[in-house]
Amino acid sequence: MKTISVLIQHHAGPTGDVLICRKADGPWEFPCDRERTNETDEAAAARIAGEQLGMTVSVGKLITRGRKRPQDGTVEHLAEGNITHNTHTKDDYHLYYEAVNTWQSEPEKKAYDEYKWVHPSELGQFEFAGDDVNFMAKYEPWVKGQFIPDVRMV
């Protein structure tokens, strides 16, 4: 089973603000949902933005793939492009995709009660939970503004 999270930038580039959302005073998160049967990862990312936020996005590349081990629930982040021969079909995956807000529109309050556009270096100031905590830890230098990778949106 796959969960898809979408890091939506207001405009393309390493300094583009990123959208974070939350439901009824819960932790902040990136828009996410489970992938549907016979749906590609990219189509799921676009659907999530449309259904949950009323936004049209251009889906970019896959940033990272987290694999949850069913034995202990821990998450292993796999860098994209690496092939692992230790993959099990019973594992759950959480994929993070980049996307750009095609029309620079504001999100609608559909699935979330609150949203904010924040600079990537400000993400560390917000409380995240679940898999997003692991994702944020992996991208800590980017979040703390020490380094913004050149591998952002194409």
Side-chain angles (χ1 to χ4, degrees), residues 1-36 39 41-69 72-80 82 91-154:
M1 185 174 298
K2 290 183 191 174
T3 300
I4 309 288
S5 285
V6 189
L7 277 74
I8 302 172
Q9 290 183 295
H10 201 280
H11 58 276
T15 58
D17 289 348
V18 178
L19 183 69
I20 58 174
C21 309
R22 73 175 169 180
K23 299 175 184 175
D25 295 327
W28 289 96
E29 62 183 65
F30 300 106
C32 72
D33 198 3
R34 296 218 184 260
E35 186 176 81
R36 295 181 180 161
E39 184 177 44
D41 299 343
E42 293 82 2
R47 175 187 54 78
I48 291 164
E51 284 183 358
Q52 296 186 358
L53 302 163
M55 299 175 73
T56 302
V57 297
S58 296
V59 178
K61 64 183 168 198
L62 177 60
I63 303 170
T64 190
R65 176 187 320 260
R67 183 180 77 192
K68 290 185 185 180
R69 295 186 189 104
D72 57 9
T74 59
V75 177
E76 171 191 17
H77 287 279
L78 306 170
E80 279 314 296
N82 290 351
D91 290 354
D92 287 336
Y93 287 90
H94 193 149
L95 285 62
Y96 287 82
Y97 274 89
E98 289 183 329
V100 173
N101 184 358
T102 306
W103 307 111
Q104 279 82 41
S105 60
E106 290 300 313
E108 299 172 16
K109 291 185 179 179
K110 291 184 171 193
Y112 295 97
D113 297 315
E114 188 177 357
Y115 65 86
K116 287 186 184 207
W117 292 104
V118 297
H119 188 272
S121 64
E122 298 172 328
L123 286 171
Q125 300 170 16
F126 296 90
E127 178 187 342
F128 289 85
D131 291 348
D132 288 344
V133 171
N134 296 325
F135 173 78
M136 297 296 281
K138 182 170 178 60
Y139 283 86
E140 185 176 343
W142 174 63
V143 170
K144 290 193 174 180
Q146 299 166 355
F147 172 71
I148 298 175
D150 294 333
V151 294
R152 306 279 310 149
M153 287 299 300
V154 199

Could you tell me the separation between the [atom1] atom of [X] and the [atom2] atom of [Y], rounded to the nearest 0.5 Å?
X     : Y     : atom1 : atom2 : value
Glu42 : Tyr97 : CD    : OH    : 4.0 Å
Arg34 : Ile48 : CZ    : CD1   : 11.0 Å
Trp28 : Cys21 : CH2   : SG    : 7.5 Å
Gln52 : Cys32 : CD    : SG    : 6.5 Å

Minimum side-chain heavy-atom gap Gln125-Val118 below 4.5 Å: no
Are side-chain heavy atoms of Gln9 and Asp17 found at a separation under 4.5 Å? no
When you measure from the side chain of Asn101 to the backbone N and O of His10, does any donor-acceptor pair fall under 3.5 Å? no
Show every salt bridge (Lys or Arg N to Asp or Glu O under 4.0 Å) that has at least one partner inside residues 19-33, sequence neighbours left out. Arg22-Glu114, Asp33-Arg47
Can you tell whether the side chains of Lys2 and Asp41 come within less than 4.0 Å, N to carboxylate O? yes
Do Phe30 and Phe128 have ring centres separated by under 6.0 Å? yes
Option from Asp131, Thr64, Thr3, Asp132 for which side-chain hydrogen bond (donor to acceptor under 3.5 Å, both in side chains) with Tyr96 holds: Asp132
Is it the case that atom NZ in Lys110 sees more than 12 heavy atoms from other parts of the structure closer than 6.0 Å? yes
Taking side chain to side chain donor-acceptor pair (under 3.5 Å) as the test, write out the residues that go with Glu106, two or more places apart. Trp117
